[in-house]
Amino acid sequence: MSQSGPNAEALTARIGRTCKVMRIVCALIALALVIAYGWLWIDIERTAEIVKADILPRGTEGVLTPSTAFAGFVTGLVPLAVTLFGLWAAGSLFHQLAQGETFTGRIGTGLRRLGLSLALVVPAVILSRTIGVLLLTMNNIPGERHLVLSVEAHHLVLLVAGMMIWVIGWVAAEAAALADEHSQIV
């Protein structure tokens, strides 16, 4: 159902304002993530306590040396990069929607990028955690080293949501292409 007239203009203006705010929110979240990630890795002793509490199984000892800390930092950059890509995709979508784009190929492409980032962050987080545990326990004596592969319900929900958004973006891009084709025929 489409609307026209002053109500439609007011609705479009509200959507535009909301999208502008959401774009700023995406940028602020991205900035906060980068700052927090850098802050986490500045002090190795503090980082060791946080990382041990967060990723090691209970009762497991692990040593965070400067070399394992560097490897952990690099490993953690992968899920951070995927997350930042998703925030960029969302921010771009909000910008396009604020400009009044709705049923365009660019919106479909943006949705596919967002869905892809949501789906890819799942294996990135799982692998990052697995590598982190390996790094922390690799200097332990044989029998005390650990390989942890953890998949949780929220990982699966995020994966399915990402795939769904990707497919919706694909359908939206195809629909926009078809509408453009039909408009050229007439």
Side-chain angles (χ1 to χ4, degrees), residues 1-42 54 72-132 151-186:
M1 180 167 108
S2 72
Q3 296 180 351
S4 61
N7 288 337
E9 290 173 12
L11 178 61
T12 301
R14 280 199 323 266
I15 290 171
R17 285 190 303 273
T18 301
C19 288
K20 287 176 184 176
V21 169
M22 294 309 296
R23 183 176 185 208
I24 292 168
V25 168
C26 286
L28 290 174
I29 291 171
L31 180 64
L33 285 173
V34 170
I35 290 170
Y37 191 75
W39 178 81
L40 173 69
W41 289 97
I42 287 175
D54 186 44
F73 173 80
V74 171
T75 301
L77 286 174
V78 175
L80 177 63
V82 174
T83 301
L84 292 175
F85 174 72
L87 287 166
W88 169 80
S92 295
L93 274 170
F94 286 128
H95 176 70
Q96 291 163 3
L97 291 168
Q99 298 300 314
E101 288 187 48
T102 51
F103 300 111
T104 66
R106 284 179 20 150
I107 295 293
T109 300
L111 286 169
R112 287 196 314 253
R113 286 180 181 149
L114 179 60
L116 180 65
S117 69
L118 291 175
L120 288 180
V121 80
V122 172
V125 167
I126 292 170
L127 288 174
S128 178
R129 180 181 174 155
T130 299
I131 292 169
V151 179
E152 299 177 24
H154 66 274
H155 292 143
L156 300 175
V157 169
L158 192 57
L159 182 65
V160 170
M163 292 184 319
M164 179 60 77
I165 292 170
W166 186 84
V167 170
I168 290 169
W170 183 14
V171 170
E174 291 297 323
L178 187 61
D180 185 48
E181 183 180 313
H182 284 277
S183 71
Q184 292 176 9
I185 293 172
V186 174

Inset, instruction - First locate atom OG1 of Thr75, then atom CD1 of Ile131, and finally report the distance between them rounded to the nearest 0.5 Å. - result: 5.0 Å
Legend entry - Residue pair Pro79 / Val125: nearest heavy atoms and the distance that separates them: CB-CG2, 3.9 Å
Inset, instruction - Please round to the nearest 0.5 Å and tell me the distance separating atom CZ of Arg14 and atom CD of Glu9. - result: 12.5 Å
Legend entry - Distance in Å, Leu111 CG paired with Leu116 CG, rounded so as to fall on 0.5 Å steps: 12.5 Å
Inset, instruction - Mind listing the closest non-hydrogen atom pair of Gly91 and Cys26 along with its distance? - result: N-SG, 4.0 Å
Inset, instruction - Compare all side-chain heavy atoms of Leu11 with those of Asn7 and state whether any distance is below 4.5 angstrom. - result: no
Inset, instruction - Identify the two heavy atoms, one from Trp88 and one from Arg113, that lie closest to each other, and give their separation to 0.1 Å. - result: CH2-NH1, 3.5 Å
Legend entry - Distance, nearest 0.5 Å, that separates CZ of Phe94 from CD1 of Ile24: 12.0 Å
Legend entry - Atom CH2 of Trp170 with >12 non-hydrogen neighbours under 6.0 angstrom: no
Legend entry - Spatial distance of atom CZ (Phe103) from atom CG (Leu178) [nearest 0.5 Å]: 14.0 Å
Legend entry - Residue pair Leu159 / His155, side-chain heavy-atom distance below 4.5 Å: no
Legend entry - Distance in Å, Arg23 CZ paired with Thr18 OG1, rounded so as to fall on 0.5 Å steps: 15.0 Å
Legend entry - Leu33 and Leu87, any side-chain heavy atoms less than 4.5 Å apart: yes
Legend entry - Heavy-atom closest contact (Leu93 atom, Ile107 atom, distance): CD2-O, 3.6 Å
Legend entry - Least distance between heavy atoms, Lys20 atom then Ala98 atom: CG-CB, 3.9 Å
Inset, instruction - Please report the closest heavy-atom contact between Arg112 and Ala173, naming both atoms and the distance. - result: NH1-CB, 3.2 Å
Inset, instruction - Using a 4.5 Å cut-off on heavy atoms from C-beta on, say whether the side chain of Leu97 contacts that of Cys19. - result: yes
Legend entry - Side chain to side chain, Val34 and Leu31, heavy atoms closer than 4.5 Å: no
Inset, instruction - Would you check if the side chain of Tyr37 reaches a backbone N or O of Ala32 as a donor-acceptor pair within less than 3.5 Å? - result: no
Legend entry - Side-chain (Thr104) to main-chain (Glu101) donor-acceptor, under 3.5 angstrom: no
